[in-house]
**Q** 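This is the structure I want to talk about, given as structure tokens.
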Amino acid sequence: MHKKLFIPGPTEVRKEILQKMSTPMIGHRSKEFQQLFANIIPKMQQIMYTKNTIFLSTSSATGLMEAAIRNCTDTKCLNLCCGAFSERWHKITTANGKQAETIEVEWGKAIKPEMLREKLETDTYDAVTFTHNETSTGVMNPIEDIAEVMKDYPETQFLVDAVSSFAGTKIDVDKLGIDVCLFSVQKAMALPPGFSVCSVSKKALEKAETVQNKGHYFNFLDLLKSYNKNQTPYTPSISHMYALDQQLTDILEEGLENRFARHKKMADTVRDWTKENFALYAEPGYESDTLTTATNTKNISVADLNSKLGERGYTISNGYGKIKEQTFRIAHMGDVQVEDIRALLDTIDDILNKY
Ligand SMILES: *Cc1c(COP(=O)(O)O)cnc(C)c1O
């Protein structure tokens with residue numbers, strides 16, 4: 001039996017999209033490929049609210065995180081850390097031989113704009129890394145307030161991980177002045193994993209021209225050369241591109257405002273249920289609209305709950321890393337509907353009542 005996924009990636013993929021993945025192959029240097037590429041880009045720009053260049057990457061988003069660091073940082077980067085995924089930026093920065101400083105808040109708390117301003121007033125950085133939606137803690141960081149601070153430091157690149165929020169909440173890339181905005185497709189985009197996308201600003205591309213040792217696979221200047229021909233430098237996952245093309249059309253057909261409102265409604269539903277039965281892990285006012293991290297106040301066995309859910313065709317996520325069993329996570333992102341969320345919560349209630 002297929003278990004419906006309510007985990008923060010991969011998310012449930014619709015049958016129509018899975019079918020698109022099995023479209024017969026074409027050559028990646030063919031005219032048909034260039035047409036497919038050209039169909040995807042403007043729709044993606046519309047959903048990202050940007051005129052920036054779009055790179056399609058046959059890698060998961062972590063690859064693009066590394067790309068952003070290698071192309072946009074000469075020497076020093078500031079990593080804003082509030083959980084496991086924002087800490088990943090820090091690991092990537094140091095693993096690539098760059099100097100890195102951090103702002104760290106306790107897990108469950110959000111990054112505040114005044115923390116960033118204070119740091120930027122005292123030192124100069126090539127880039128700042130920011131995780132919009134921290135998938136371990138269920139915190140949605142205040143991107144608009146952070147973007148306001150970044151605007152006062154136009155020499156610094158604003159690198160944003162929007163992996164678990166993009167296509168579930170509005171991210172107006174151009175208005176926010178994001179230099180690299182990246183995400184993988186297996187979260188709120190609801191495609192199979194293995195592919196990711198980023199927008200890259202003129203400022204980031206200019207920076208890439210000056211940065212040494214950008215590596216090979218993710219060199220922005222090579223990607224740009226191919227982009228201008230509606231191609232990718234190396235053989236991409238063409239199957240993903242067929243699925244992505246369809247999904248972008250379907251998302252625009254649903255309507256962006258409708259899609260964001262649906263996510264908000266799913267979030268409210270899960271949050272209300274969590275408050276009634278457990279507690280929210282995220283700092284009040286910063287709860288994520290795409291996933292909820294619940295504090296396990298009843299000390300249930302999350303692993304046991306999940307295996308019982310499995311017997312009934314559902315999967316949720318245990319807590320991430322050090323907060324495993326102390327917390328659990330319910331993703332409410334992608335193409336799932338409010339009714340699906342209600343059915344999941346009813347099933348959990350039913351299991352918990354039998355304890
Ligand atoms: C899932 C996730 C990632 C990692 O994405 P991959 O596609 O596994 O590389 C990075 N950041 C956040 C916030 C995520 O939720």
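Counting convention: from 1, in listed order, for ligands and their atoms alike. Side-chain atoms are counted along with the backbone in the values below, which use heavy atoms only and exclude waters and symmetry mates.
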**Q** Is Lys265 atom NZ crowded by more than 12 heavy atoms from other residues, nucleotides or ligands, each under 6.0 Å away?
**A**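 Not buried by this count: 12 neighbours or fewer within 6.0 Å.
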**Q** If the contact criterion is a heavy-atom separation under 4.0 Å, does Arg88 count as touching ligand 1?
**A** yes
**Q** Write down the atom of Lys151, the atom of Lys175, and the distance for their closest heavy-atom approach.
**A** NZ-O, 2.7 Å
**Q** For a 4.5 angstrom cut-off between non-hydrogen side-chain atoms, does Leu309 reach Ile351?
**A** yes
**Q** Would you mind running through ligand 1 and noting each atom that sits below 4.0 Å from a heavy atom of Thr135?
**A** 12 (C), 13 (C), 14 (C), 15 (O)
**Q** Just jot down the ligand 1 atoms closer than 4.0 angstrom to any heavy atom of Lys187, in number order.
**A**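 Near Lys187, the atoms of ligand 1 are 1 (C), 2 (C), 3 (C), 14 (C), 15 (O).
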**Q** What atoms of ligand 1 come closer than 4.0 angstrom to any heavy atom of Ser164?
**A** 13 (C), 15 (O)
**Q** Please work out, at 4.0 Å between heavy atoms, whether the side chain, the backbone, both, or neither of Ser60 comes within that distance of ligand 1.
**A**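 Looking at Ser60 and ligand 1, atoms from backbone and side chain both fall under 4.0 Å.
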**Q** Tyr49 and Ile171: which non-hydrogen atoms are nearest, and at how many Å?
**A**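 Where Tyr49 meets Ile171 most closely, the heavy atoms are CD1-O, 3.7 Å.
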**Q** How about Phe85 and Tyr320: are their ring centres within less than 6.0 Å of each other?
**A** yes
**Q** Quick check on contacts: which atoms of ligand 1 are under 4.0 angstrom from a heavy atom of Ser184?
**A**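 The list of qualifying atoms is 5 (O), 6 (P), 7 (O).
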**Q** By number and element, which atoms of ligand 1 are closer than 4.0 Å to a non-hydrogen atom of Gln186?
**A** 6 (P), 7 (O), 8 (O)
**Q** Select one of side chain, backbone, both or neither to describe which atoms of Asp161 lie under 4.0 Å from any atom of ligand 1, heavy atoms only.
**A** side chain
**Q** Taking only heavy atoms of Ala61, which atoms of ligand 1 are found under 4.0 Å from at least one of them?
**A** 5 (O), 6 (P), 7 (O), 9 (O)
**Q** Find out if a path of hydrophobic residues (ILVMFWY) with successive side-chain heavy-atom gaps under 4.5 Å connects Phe6 to Ile323.
**A** no
**Q** Taking 4.0 angstrom as the limit and counting only heavy atoms of Asn133, give me the atoms of ligand 1 inside it, by number and element.
**A** 13 (C)
**Q** Would you confirm whether the ring centroid of Phe158 sits within less than 6.0 angstrom of the ring centroid of Tyr153?
**A** no
